[in-house]
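Data block below; observations after.
Scope of the values below: all heavy atoms of this structure, side chains included, with no hydrogens, waters or symmetry mates. Here is the naming used below: chain letters follow the sequence lines, and residue numbers restart at 1 for every chain.
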Number of protein chains: 2
Amino acid sequence: MRKQYDMELNKLNTQLVDMAAYVEQAVSDALKALENRDEQLAHQVSKNDREVDRMEREIEDICLMLLLRQQPVAGDLRFISAALKIITDLERIGDQAQDICEISLTMDPKPIASPLTTIREMFKESSAMIKMAVDAFITKDEELANECIRHDDVVDALFVDCRTRIIKELQSGHNDPEELIDLLQIAKYLERVADHAENIGEWVIFSLTGHHKDYLGVETFGV
Amino acid sequence: MRKQYDMELNKLNTQLVDMAAYVEQAVSDALKALENRDEQLAHQVSKNDREVDRMEREIEDICLMLLLRQQPVAGDLRFISAALKIITDLERIGDQAQDICEISLTMDPKPIASPLTTIREMFKESSAMIKMAVDAFITKDEELANECIRHDDVVDALFVDCRTRIIKELQSGHNDPEELIDLLQIAKYLERVADHAENIGEWVIFSLTGHHKDYLGVETFGV
């Protein structure tokens, strides 16, 4: 009984790692699609998002079955609860990658205005955060999860920088406002990607310690 | 045993309705804070968002306890699974209300540019969708849930209209680009509020029928 249970817990772990890798790839493809105005790749990311949704549902099923069939011990219950939350954040990151691709499909096929340098940085840093958060979950590394959470400030600062540049360009009147607005929206999506990675870091800490960062003093699912 | 279980199911229902009412109020207060540049109210919405988070955690606890302590029958399992999803969407709507208030706090205390008319419409329509979705959940009304889902097109069309107006104003160069960008971001948040209300409508249908709209052919949690 316990052996089968452990096998299902392992399956949950593996599928969650697969889903994370799939979502990381979507974010990386979204940058390529934007930079090269690669329409085919942009459509591919949108298509792949259905697969992300399918993965989420499959993992949800495993989690609920684990909860139903067994009486998990405290640590396992926290692990399963955290997994249920982490896949919601991963699915949202997949959505943001898709949203970025949809914007890039509507943009003119011409050289992009200067804020792209900052946006490229935002892609790099938010992808690094996803990687940190998922690695922290797999290796049960609380310090790495904390590093991921702290790293959100880097992406927030890049967003503020990007916004300031875009407002300056709008004021100068030299560039197409529609393109600048699209770039700002992409920057906003990347800020959200980082927020979701930060959430995952917080769920890792909850899974390891039973404490939720934003909810000190009360143990959630405190069993 | 079954009696206590039914009592807990009822408690779940009541708390979910309370959370929905709280979130609806936050959206309505966000509009007031924006229109009147009411800083005190804007801060209050941000403060109240912690209460929304607390409500979400409390309902999660009830759901997990129901799953753990009992072996729910198929209909109840779907109800509990849908509740777990609905509170995530409600919590996000609360976040969007808070985000709108945070933007309004940074805006100049001067008359707002013309796109506000459309934004006011977006507030009205997205609030109506939240109400429809939650009513559909309480009264188990599949048709009302479908109406809520269809209504998302109205809000999407208003967003496109708002975006077009803002781009025209940016091109004219008569208004402060920063204010226009802020209004566009607020419109984007409202479009998301409507998306979350639509999601809730879809979870209501799943809870009633066992079928998920985006996932035809496969019954999720099909027990």
Q: List for me each residue that meets ring pair (Phe, Tyr, Trp, His ring centres under 6.0 Å) alongside B:Phe159, sequence neighbours excluded, and say none if there are none.
A: none

Q) Do A:Arg163 and B:Gln185 touch side chain to side chain, with heavy atoms closer than 4.5 Å? A) no

**Q.** Any residue meeting side chain to side chain contact (heavy atoms under 4.5 Å, CB included) with A:Leu208, in chain and number order, not counting sequence neighbours
**A.** A:Lys140, A:Glu142, A:Val204

Q | B:Arg192 CZ to A:Arg192 CZ distance, which is reported to the nearest 0.5 Å | A | 9.0 Å

Q) Should the pair A:Lys168-B:Glu178 be classified as a salt bridge under the 4.0 Å nitrogen-to-oxygen rule? A) no

Q | CD1 on B:Ile80 to CG on A:Leu64, rounded to 0.5 Å | A | 9.5 Å

Q) Out of curiosity, B:Leu180 CG to A:Leu170 CG, how far, rounded to the nearest 0.5 Å? A) 9.0 Å

Q | Contact class of A:Leu67 relative to chain B, heavy atoms under 4.5 angstrom | A | both

Q) Can you list the residues that meet the side chain to side chain contact (heavy atoms under 4.5 Å, CB included) rule with B:Ile62, with sequence neighbours excluded? A) B:Lys11, B:Leu12, B:Gln15, B:Leu66

Q) Who in residues 87-101 of chain A is close to chain B, using a strict under-4.5 Å heavy-atom cut-off? A) A:Thr88, A:Asp89, A:Arg92, A:Asp99

